[in-house]
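The structure appears below as structure tokens.
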Amino acid sequence: MKIAIAQQNYHIGNFEDNTRKIMGAIQYAKSRKADLVVFSELSICGYPPRDFLEFDDFINECYKAIDIIKEQADTIGVIVGSPQRNPLKEGKDLFNAAWLLYDKKVLGVAHKTLLPNYDVFDEYRYFEPGYDWNVLEFKGKKIALTVCEDIWNLGDNPLYRQCPMDKLITQQPDLMINISASPFDYDHDKDREEIIRANVLKYGLPMFYCNAIGSQTEIVFDGGSMVMDANGQIIKEMKYFEEDFAIVNLDEIQVQKAKPKPMKAIPEFDKDMRVGKVQDPEKIIEYLTSDENIGQIKEALILGIRDYFRKMGFTKAILGSSGGIDSAVTQALATRALGRENVRAVLMPSHFSTSHSVEDAEQLSKNLGNPYDIIPIKNIYDSFLHTLQPVFGDLPFGLAEENLQSRSRGNLLMSISNKFGYILLNTSNKSELSTGYGTLYGDMAGGLSVLGDVYKMQVYALANYLNRNGEIIPENIITKPPSAELRPDQKDSDSLPDYAVLDKVLYQYIERRKGPKELVAMGFDEALVRRVLKLVNSNEYKRNQFCPIIRVSCKAFGVGRRVPIVGKYLS
């Protein structure tokens with residue numbers, strides 16, 4: 001049996017385009033003499049559809065698409081993902097389902113059993129868990145068909161009470177097929193590979209795994225679909241961050257049912273179902289900035305920018321170019337994603353901007369080939385101060401005056417954005433967002449955050465990675481001390497700990513969820529720990545007003561991290 005995997009980029013709620021893509025892949029699979037073609041989780045409507053699932057009309061459109069695709073499933077089997085209505089009154093109204101179509105009929109349906117409700121996932125809000133498990137027979141083969149999370153309940157600390165494959169294996173299937181929408185983060189590709197390997201070793205069966213590709217606002221799906229034989233060998237690994245198509249002949253891989261392996265032979269995972277990662281605090285920065293991780297982050301951010309613009313119907317971006325590292329990296333990534341002519345940089349020097357900052361920003365735009373403008377804000381800023389003088393009186397220069405500069409820039413950028421139909425790209429990094437080192441309605445303005453899930457040390461690593469084949473980002477931008485340039489001789493280090501230390505603490509607190517006692521036990525200074533954690537927790541109100549952030553880590557600010565704004569814990 002020849003099985004095709006179609007790794008495609010879908011658009012949530014764009015039924016016409018999604019259906020066209022799926023039918024195109026079906027026709028191509030037919031031309032390649034495939035017996036079965038597999039698509040990813042909720043491929044009909046796109047993942048995650050969230051509260052669209054609460055609209056009957058949305059579900060009706062899913063069913064209409066199934067009916068159209070079903071007509072193409074005449075001489076070939078088709079597995080697609082789509083919601084299915086629950087016929088029972090009890091429970092949620094929908095199942096997250098994998099549909100097997102053949103001979104212009106629905107040959108069978110598998111319901112997702114394990115519904116994730118953590119980080120960016122909120123599936124139990126909409127779906128009823130599957131409670132009936134049956135293999136699907138197709139052309140003489142028994143298929144154990146599962147959906148994404150259904151294969152992730154292994155290890156010695158399972159999250160769920162059920163394990164669908166434990167039920168299905170009793171019916172002696174010949175192979176496993178899993179359709180997924182497994183999001184990217186920079187250390188998750190190995191997790192997926194090992195969880196697939198754990199399944200094939202445990203159950204002694206080969207697996208065909210189809211993952212989603214593309215970006216849906218904050219969440220990036222990186223593909224990497226694969227076929228693994230019953231001995232844990234990868235037979236086919238598909239592209240990352242790109243659409244792809246592959247056919248593997250089931251009869252030519254190891255299909256002899258292997259003897260299931262004992263649990264001790266299965267790779268070990270931590271409680272978050274991740275293979276062992278670097279735990280040594282002294283090696284965290286080295287790990288976060290490794291070429292492997294930075295290369296994947298670069299590709300994810302480019303895909304995130306490109307898909308956000310394409311799916312929103314925009315083509316052009318604008319950003320404030322300060323001559324600093326964050327705006328430089330954002331500008332370089334946006335140029336890769338959208339094309340040099342579609343990224344407009346605006347340089348807005350103030351009283352406190354150094355001449356080399358303007359020169360560096362100009363050189364960056366020349367290197368990238370972007371259009372750019374220079375709009376000094378001195379007169380605007382002075383006008384604000386003059387207007388506010390009766391209120392401010394003789395009070396000393398402080399945070400309010402500093403922030404006026406940032407907000408002046410934000411107003412200029414948003415005005416140009418409105419006038420010409422640009423999307424403003426925000427340039428704040430995760431270290432700044434964590435600690436509240438940013439100005440609401442100023443440098444925190446924007447329609448999309450490119451670096452909001454990238455720590456400052458990773459931003460430097462990205463700059464060096466982008467320069468590896470020749471200078472794109474001027475060297476002076478990379479080597480000079482970081483500064484917001486909102487007062488004379490200002491440096492970030494005036495307000496924040498050194499980034500090499502700060503990022504270690506932030507990573508352990510945000511990604512690893514380590515508390516203050518655990519952080520001190522790792523060797524971090526207690527006063528530093530309390531200061532940093534207080535900054536993080538007391539600035540949630542700022543992040544709550546921030547734009548969507550492209551997610552590249554296992555714990556990004558936004559939909560995947562929900563903490564109270566007015567909470568007292570550690571603040």
Side-chain angles (χ1 to χ4, degrees), residues 1-47 49 61-83 96-110 136 138-139 141 143 145-148 175 177-182 207-216 221-227 235-250 303 306-307 310-311:
M1 180 188 293
K2 293 173 70 175
I3 300 176
I5 295 176
Q7 180 176 287
Q8 296 185 318
N9 187 346
Y10 304 111
H11 187 183
I12 296 171
N14 191 341
F15 294 100
E16 182 178 354
D17 189 57
N18 294 346
T19 301
R20 177 189 57 78
K21 274 192 167 187
I22 290 168
M23 290 196 300
I26 291 171
Q27 292 305 316
Y28 184 62
K30 286 180 180 178
S31 72
R32 298 279 302 276
K33 308 298 182 187
D35 298 287
L36 176 67
V37 57
V38 182
F39 299 88
S40 60
E41 180 180 9
L42 294 185
S43 47
I44 294 293
C45 60
Y47 188 96
E61 291 296 323
C62 292
Y63 273 76
K64 288 177 186 176
I66 290 282
D67 287 340
I68 293 170
I69 293 166
K70 190 167 59 179
E71 294 301 306
Q72 305 297 314
D74 45 9
T75 60
I76 187 172
V78 176
I79 293 177
V80 291
S82 178
N96 182 342
W99 301 59
L100 173 58
L101 312 176
Y102 182 60
D103 197 22
K104 299 188 178 183
K105 296 182 247 185
V106 177
L107 195 62
V109 179
L136 302 180
F138 177 72
K139 291 194 173 183
K141 300 292 184 182
I143 299 172
L145 179 58
T146 57
V147 182
C148 201
L175 73 155
I177 294 178
N178 180 269
I179 65 171
S180 281
S182 179
M207 180 181 288
F208 287 72
Y209 173 87
C210 182
N211 194 28
I213 177 69
S215 181
Q216 310 290 2
F221 299 97
D222 56 335
S225 304
M226 68 178 65
V227 179
I235 302 301
K236 177 67 179 179
E237 185 171 22
M238 296 170 70
K239 294 177 182 176
Y240 286 82
F241 305 105
E242 295 181 44
E243 292 189 321
D244 202 2
F245 185 95
I247 294 179
V248 172
N249 193 332
L250 178 65
L303 178 58
R306 182 181 297 134
D307 265 13
R310 181 177 65 85
K311 293 175 180 180

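The structure displayed is predicted, hence computed values, not measured ones.
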Between D67 and K64, is a salt bridge (charged side-chain N to carboxylate O under 4.0 Å, His left out) present by the stated rule, with each step listed? CA-CA 5 Å; D67 287 340; K64 288 177 186 176; over 6 Å; no

Out of curiosity, [X] [atom1] to [Y] [atom2], how far, rounded to the nearest 0.5 Å?
X: L145; Y: I79; atom1: CG; atom2: CD1; value: 5.0 Å
X: Q27; Y: I76; atom1: CD; atom2: CD1; value: 8.5 Å
X: S215; Y: R306; atom1: OG; atom2: CZ; value: 11.0 Å
X: N96; Y: E41; atom1: CG; atom2: CD; value: 4.5 Å
X: I213; Y: F241; atom1: CD1; atom2: CZ; value: 7.0 Å
X: C148; Y: L42; atom1: SG; atom2: CG; value: 9.5 Å

Quick one: does [X]'s side chain get under 4.5 Å of [Y]'s, heavy atoms only?
X: Q72; Y: I22; result: no
X: L101; Y: V106; result: yes
X: L136; Y: L107; result: no

When you measure from the side chain of [X] to the backbone of [Y], do you find a donor-acceptor pair of N or O atoms at a distance under 3.5 Å?
X: N18; Y: H11; result: yes
X: K239; Y: Q7; result: no
X: S40; Y: N211; result: no

With F208 as partner, the option from V38, L36, V248, I143 fulfilling side chain to side chain contact (heavy atoms under 4.5 Å, CB included) is V248

query: F39 pairs by side chain to side chain contact (heavy atoms under 4.5 Å, CB included) with which of I44, I69, V78, I5?
result: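 It is V78; the other options fail the test.
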
**Test applied, salt bridge (charged side-chain N to carboxylate O under 4.0 Å, His left out); reference residue, D35; option that passes from K141, K139, K2** =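 That would be K139.
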
Between R310 and D307, does any side-chain N to carboxylate O distance fall below 4.0 Å?
yes

Minimal non-hydrogen separation, [X] against [Y], with atom names:
X: F221; Y: Q216; answer: CE1-CG, 3.9 Å
X: Y209; Y: S182; answer: OH-CB, 3.5 Å
X: A65; Y: T19; answer: CB-OG1, 3.5 Å
X: Y10; Y: G46; answer: CB-CA, 4.2 Å
X: A4; Y: F245; answer: CB-CZ, 3.6 Å
X: A98; Y: I179; answer: CB-CD1, 3.5 Å

Is E16 atom CD crowded by more than 12 heavy atoms from other residues, nucleotides or ligands, each under 6.0 Å away?
no

- Going through the checks in order, is the ring pair (Phe, Tyr, Trp, His ring centres under 6.0 Å) test met by W99 and Y63? CA-CA 11 Å; W99 301 59; Y63 273 76; 5.7 Å; yes

Original post:
Are a donor atom and an acceptor atom from the side chains of N178 and T146 found within less than 3.5 Å of each other?
Top reply: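 Side-chain D/A pair, N178 to T146: present.
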
Check: For K311 and N9, does a side-chain donor sit closer than 3.5 Å to a side-chain acceptor?
Finding: yes

